[in-house]
There are 2 protein chains.
Amino acid sequence: MGKVSASSSAHAFKVACSNCNLRELCMPVGLNDQQMQRIDDIVATRRKIKRGGSLFRNGEAFTSLFAIRTGFFKTCVATEDGRDQVTGFQMAGEIIGLDGIVNDHHTCDAVALEDAEVCVMPFDRIEELSREVTPLQTHLHKIMSREIVREHGVMLLLGSMRAEERLAAFLLNLVQRLHDRGFSQSELVLRMTREEIGSYLGLKLETVSRTFSKFAEDGLVEVKQRHVRILDTDALKAIVNSQQA
Amino acid sequence: MGKVSASSSAHAFKVACSNCNLRELCMPVGLNDQQMQRIDDIVATRRKIKRGGSLFRNGEAFTSLFAIRTGFFKTCVATEDGRDQVTGFQMAGEIIGLDGIVNDHHTCDAVALEDAEVCVMPFDRIEELSREVTPLQTHLHKIMSREIVREHGVMLLLGSMRAEERLAAFLLNLVQRLHDRGFSQSELVLRMTREEIGSYLGLKLETVSRTFSKFAEDGLVEVKQRHVRILDTDALKAIVNSQQA
DNA sequence: CGATGGGTTGAGCTAGCTCAAAAGCGGTGG
DNA sequence: CCACCGCTTTTGAGCTAGCTCAACCCATCG
């Protein structure tokens, strides 16, 4: 698989979305062959990122969106005074980099939480083609809108839920997305630390740990380090909608 | 949609973006006459919304984006169990309704905090025209990306700031946006209640009120009900970047 | 094996919450 | 013009969820 530099490398070989098993996740459906062909051409290259490496960083020029092929990312923003906040965790089939469009440079960091590979899609090509292939245009708009709606959900979580609700919502969301990708509905391996979960959820790592322990004590989940088995999905759902405030 | 409810009404008369003094805020710049002409055609109608009325509600079909001409809105999402969270406050020149694109129905409520008027822009027309007028396409993408970046900022605020930092950041943001629209840099009238501010900032209304009082006591602002005069912008900025955690 | 980075757990603290009372403000009707 | 009502805001007093600080454990890896 080519020569890999420090933490990432660009590859010149061509890849085909039309053969990609993640197609339904990142590409529009219902394209004819010719349209599919043209979309294949959008993916300029792939890029591998080693665990801990970054796909892009705050301040870097924006040129491309990235479709995650394998691996797991976090995105985080930072204040001037150095605090930072995880704004999301992204997995295979998801599109990353939308934040860069508005000012032509990225405003957050995207860091690989495990070795990863992404498809590089130059944004000028996307815009060009989406003028001609209507389903692509529609798809792009929906992806951006979906991100806005997702963030609304995070704001709701951060603004009005208590610790247990937040963690329950987080677990349910993760396992749902994994299930959409063909994994178990009840078992998952966390790719991130307690601290990263805490940052995302607006909690301290100790609180995350304690809340995991409480869930385990109550028989809702089994937790062994980063391995989590969900034993009672309904109880977790009930916690999210508990309104116990 | 279509039918006019108690608190809003649709007007059939035509309006022209080209003559609108908010043009630079909601429309692309650098268009030629012919392009401008065509964009004028996007604005199908205007719609007035009385204070307290809603522009759209969670669950309603999505057909159009709205450009705020006058007035002030809040958007809020709700959990199944009835809690809700203000996700943003929108003022003249801002675009509202992007959440509806992904699933063809709205996922939040947009409520007028004062009598308001919006330009109704059918989204299918926008998509159609943005295939032909590249600056419009670019502009649409930037608007959506800007919203994503804005929400990142809110997540940072909700996830990692303390009450004083949140309120200071909120005031600075509001006054900045008002200043961009030609209003004072230091004086503003809040269009929302303490409770709505609290919801947006993830705080209780009492905490918002107390924090205002503390700022006033410290000589940073003068507060008389909803009239706020900022006396020391730099001190507010220092609070936002205090990292006192 | 020792070092290192994550994770857990305990003990005490505090920012922000809850509950409660009272006061200001704006509209309405006599 | 005044009295009243409903809504918003302020302020006080006490409480608590989640934080801080600290110790310890566990897994991995050179």
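Bear in mind the structure is a predicted one, so any value in this text is a computation, not a measurement. FYI, side chains are in, hydrogens and waters are out, and symmetry mates aren't considered; it's all heavy atoms of this structure. Convention: sequence-line order gives letters A, B, ...; per-chain numbering from 1.
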Below the 4.0 Å mark, does [N] have OP1 or OP2 next to a side-chain nitrogen or oxygen of [X]?
{"X": "S213(A)", "N": "dT9(C)", "value": "yes"}
{"X": "S209(B)", "N": "dT10(D)", "value": "yes"}
{"X": "R226(B)", "N": "dT9(D)", "value": "yes"}
{"X": "T207(A)", "N": "dC19(D)", "value": "yes"}

Discussion item. Taking the nucleotide of DNA chain D with the nearest heavy atom to each, does A163(A) or E206(A) sit closer to the 5' end?
Written reply: A163(A)
Worksheet item: Has the side chain of E195(B) got a donor or acceptor atom sitting under 3.5 Å from an opposite partner on the base of dC7(D)?
Response: no
Discussion item. Can you tell me whether the side chain of R210(A) and the base of dG7(C) have a donor-acceptor pair closer than 3.5 Å?
Written reply: no
Worksheet item: What do the steps show when you test R177(B) against E94(B) for salt bridge (charged side-chain N to carboxylate O under 4.0 Å, His left out), and what is the final call?
Response: CA-CA 10 Å; R177(B) 283 155 66 202; E94(B) 296 178 333; 3.0 Å; yes
Fill in: Distance (rounded to the nearest 0.5 Å) between K214(A) NZ and R210(A) CZ
13.5 Å
Fill in: Euclidean distance, D99(A) CG relative to R146(B) CZ, rounded to 0.5 Å
13.5 Å
Discussion item. Quick check on the helix from dC1(C)-dG30(D) to dG30(C)-dC1(D): what's the angle between its two end axes, five base pairs per end, to the nearest 10°?
Written reply: 30°
Discussion item. Counting the atoms with a prime plus P, OP1 and OP2 as sugar-phosphate, which does G202(B) contact under 4.0 Å by heavy atoms, base, sugar-phosphate, or nothing?
Written reply: sugar-phosphate
